Amino acid sequence: NFLSSLIHMRSGIADAIVHSDSIPSLCNLLKSPDERVTKGTAITLGYLTFNKTAARILFSICRNYPDVFTSILSFIGKPAKINQEWMKEFNLAKKFGLPSQCLEING
């Protein structure tokens, strides 16, 4: 929760996370058995969708691993702090088919 608070309050923190290649590591934390970790991680990733570069990286990860997107939505809580434009874009991409879906069909 501390990291998500910093991202929300201080500019530059999201950029530091992007440039340190921490987004994939954060996505892996969504698999943690500790609910506090998964909830805090989902909130952090939600805030990162407001950063253009972070949103692009997270979009790419979610396209290739849709369970990451599902985990974010299930753990983020209400009211969710997530960029609604990012959500619309991802849902549109999902509608037209994600790379992982194409591999399942065309394998």
Side-chain angles (χ1 to χ4, degrees):
N1 284 344
F2 181 68
L3 187 57
S4 60
S5 296
L6 279 174
I7 291 170
H8 182 65
M9 293 173 27
R10 297 275 186 221
S11 62
I13 299 296
D15 290 325
I17 290 171
V18 169
H19 293 297
S20 66
D21 278 335
S22 296
I23 294 174
S25 298
L26 286 170
C27 291
N28 286 332
L29 287 175
L30 290 170
K31 299 174 189 171
S32 172
D34 187 340
E35 187 178 334
R36 293 175 298 167
V37 171
T38 53
K39 186 173 174 79
T41 301
I43 292 168
T44 300
L45 291 169
Y47 280 128
L48 286 172
T49 61
F50 291 96
N51 177 287
K52 200 173 193 176
T53 307
R56 185 173 39 87
I57 293 167
L58 186 58
F59 189 89
S60 177
I61 291 170
C62 288
R63 283 186 69 223
N64 292 313
Y65 305 99
D67 59 315
V68 171
F69 179 75
T70 305
S71 295
I72 291 170
L73 292 185
S74 62
F75 292 118
I76 201 165
K78 302 280 185 212
K81 291 288 186 180
I82 192 164
N83 187 334
Q84 293 305 308
E85 284 299 313
W86 185 86
M87 291 281 296
K88 286 178 192 174
E89 286 181 36
F90 185 79
N91 285 323
L92 184 63
K94 207 163 124 179
K95 180 180 174 182
F96 289 109
L98 299 172
S100 60
Q101 292 169 329
C102 294
L103 287 174
E104 288 174 11
I105 294 167
N106 300 321

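Remember, it's a predicted structure, so these values are computed and weren't measured experimentally.
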Listed by chain and number, what are the side-chain contact (heavy atoms from CB on, under 4.5 Å) partners of [X], not counting sequence neighbours?
{"X": "L29", "answer": "L26, V37, T41"}
{"X": "F50", "answer": "N83"}
{"X": "A42", "answer": "L30, F75, I76"}

Quiz item: Do any N or O atoms from the side chain of E35 and from the backbone of P33 form a donor-acceptor pair under 3.5 angstrom?
Solution: no

Quiz item: Do T70 side-chain atoms and P66 backbone N/O form a donor-acceptor pair below 3.5 Å?
Solution: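 Flag set: sc T70 to bb P66 pair under 3.5 Å.
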
Quiz item: Can you name the residues that form a side-chain hydrogen bond (donor to acceptor under 3.5 Å, both in side chains) with S71, not counting sequence neighbours?
Solution: none

Spacing of [atom1] belonging to [X] relative to [atom2] belonging to [Y], to within rounding of 0.5 Å:
{"X": "L58", "Y": "N51", "atom1": "CG", "atom2": "CG", "result": "10.5 Å"}
{"X": "M87", "Y": "I82", "atom1": "CE", "atom2": "CD1", "result": "5.0 Å"}
{"X": "Q84", "Y": "T49", "atom1": "CD", "atom2": "OG1", "result": "8.5 Å"}
{"X": "F69", "Y": "N64", "atom1": "CZ", "atom2": "CG", "result": "14.5 Å"}

Quiz item: Can you name the closest pair of heavy atoms from V68 and C62 and give their distance?
Solution: CG1-SG, 3.9 Å

Quiz item: Of all residues at least two apart in sequence or in a different chain, which pass the salt bridge (Lys or Arg N to Asp or Glu O under 4.0 Å) check with D34?
Solution: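 Per chain and number, D34 pairs via salt bridge (Lys or Arg N to Asp or Glu O under 4.0 Å) with R36.
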
Exercise. Taking salt bridge (Lys or Arg N to Asp or Glu O under 4.0 Å) as the test, write out the residues that go with E85, two or more places apart.
Key: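 Testing E85 for salt bridge (Lys or Arg N to Asp or Glu O under 4.0 Å), a comparison that skips the adjacent residues, returns K88.
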
Exercise. Assign the ring pair F59 / W86 to parallel, tilted or perpendicular, where the plane angle (0 to 90°) is split at 30° and 60°.
Key: perpendicular

